[in-house]
Amino acid sequence: MSSVEVRSVTKAWGETRAVDDVSFSVAKGELVVLLGPSGCGKSTMLRMIAGLDEPTTGMIAIEGRDVAGLTGSARGVAMVFQSYALFPHLTVSDNITFGLSVRGTSKQEMAERLARTAALLDLDKLLRRKPAQLSGGQQQRVALGRALIAKAPVCLLDEPLSNLDAQLRQELRREIRALQQRLGITMIYVTHDQTEAMSMADRVILMRGGRIEQNGRPAELYERPATLFAARFIGGAPMNFLDLDDAPLGAVIAGSTGPALFAGPGRGRVLGLRPEDVAVDSANGRAAFHATVTAVEYLGGEALVSCSLGDRAIQARTRGDGAPPIGTAVGLSWDAAASHVFDAASGERLTIDTGTAATSPQLHTVTNQGQIRA
Ligand SMILES: Nc1ncnc2c1ncn2[C@@H]1O[C@H](COP(=O)(O)OP(=O)(O)OP(=O)(O)O)[C@@H](O)[C@H]1O
Ligand SMILES: [Mg+2]
């Protein structure tokens, strides 16, 4: 049985469909991230699971039970808001136990659960302080504590780290993930940050315009993006997109005379290549694609090398100390398996056998009979 099941849920405000026929399920103990750009419907989806909004149509079940009309606590969900929403006049302890005291939990049980939660989140020494006397990260942990102490089977988090600096975000996302795994909590986590999604999630649900673009494990989204949108959204440095064209031997990069990338038509198709999959060879000798370095972005351990390939631009990633200087003539190559091909009009991924491509002349040769020989 799924912990959370969302079936054909739509939320409309007048003409706007903030969430449009969305279905997914979350298994017990799983961390699922709802990922997508601003306005794609992430918060709306989460609020409907939390019971703060009701769907226009469709069904939400939690632990096998249709939860229409039930409040958040009756549904067994706890939610952490982006804004923390702490009570400024209450101490950390009172903020954490607020929900329990409202529900009339006994003093002794409350004290025990508070002690356990505070120890878990390393808040023991801060319990008497007021929120204004805490750092952003500490406030965030209090908000998290308030959700965890409820012992709700399902925990919902809406951009919980968005107000924090990069280092604190990284620390806290590790902490949240460790805690979620240790306690076996079912978690739905909303973010627009793909790094956060990829590093924390068991599964990522990528949304766009109220609909699901792709639902899969982080590695599936990275290795086999289902659409151009998914390919653009996932990954550290942006994927390169190169329009393709027809040539006698097969599909070639538009504006070039080859070599052919795969047999069949190229026009109306787009080649996607991640910078980390493009190798730069300063010797310029044997690689199939001749290019010129136009810019280098040094990032320490690695560098992003921008090149012009005919009249197209393409980025490659090298070691930080391995970037050739601007103006160098280089050879570019990549594994045929690293090519992603999409239909330009629909944006859909195409299943094309690029295994016989001629992108790496060490491995393949295009013969003048028009056949590709390994
Ligand atoms: N109460 C409302 N009334 C009308 N439209 C709304 C309401 N709440 C949200 N919307 C619209 O629904 C769409 C989805 O909003 P939502 O808050 O779910 O986006 P989001 O993915 O959480 O974005 P963000 O990353 O900016 O928080 C947006 O177009 C928004 O303007
Ligand atoms: Mg939101």
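Keep in mind it's a predicted model, so treat the numbers as computed, not measured. Just follow the structure's listing: the first ligand is 1, and inside any ligand the first atom is 1.
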Which pairs of donor and acceptor atoms, one on a side chain in residues 113-124, lie under 3.5 Å apart (sequence neighbours left out)?
{"residue": "R113", "atom": "NE", "partner": "I149", "partner atom": "O", "Å": "3.3"}
{"residue": "R113", "atom": "NH1", "partner": "E109", "partner atom": "OE2", "Å": "2.7"}
{"residue": "R113", "atom": "NH2", "partner": "I149", "partner atom": "O", "Å": "2.7"}
{"residue": "T117", "atom": "OG1", "partner": "R113", "partner atom": "O", "Å": "2.7"}

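- In this structure, S43 OG and F81 CZ are separated by 10.0 Å, a value rounded to the nearest 0.5 Å.
- For the pair E63 and K28, the salt-bridge criterion is met [side-chain N within less than 4.0 Å of a carboxylate O].
- Shown are L31, V33, V26, I205; of these, the side-chain contact (heavy atoms from CB on, under 4.5 Å) with I188 is made only by V26.
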Cut-off 3.5 Å, no hydrogens considered: what does the side-chain donor-acceptor table look like for residues 317-324, sequence neighbours left out?
{"residue": "R319", "atom": "NE", "partner": "D321", "partner atom": "OD1", "Å": "3.1"}
{"residue": "R319", "atom": "NH2", "partner": "D321", "partner atom": "OD2", "Å": "3.2"}

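- For the Mg ion (ligand 2), protein N, O or S atoms under 2.8 Å: 1 in total.
- Taking CD1 from I96 and CZ from R141, the interatomic distance works out to 10.5 Å, rounded to the nearest 0.5 Å.
- Geometrically, R232 engages F241 in a cation-pi contact defined by less than 6.0 Å to the ring centre and at most 45° from the axis.
- Cluster annotation: L242 is connected to I352 through the hydrophobic network of ILVMFWY side chains, with a link wherever side-chain heavy atoms come within less than 4.5 Å.
- Distance check, rounded to the nearest 0.5 Å: CG of L157 to CG of L46 gives 8.0 Å.
- A heavy-atom cutoff of 4.0 Å around ligand 1 is satisfied by the protein residues W13, A18, P37, S38, G39, C40, G41, K42, S43, T44, E159.
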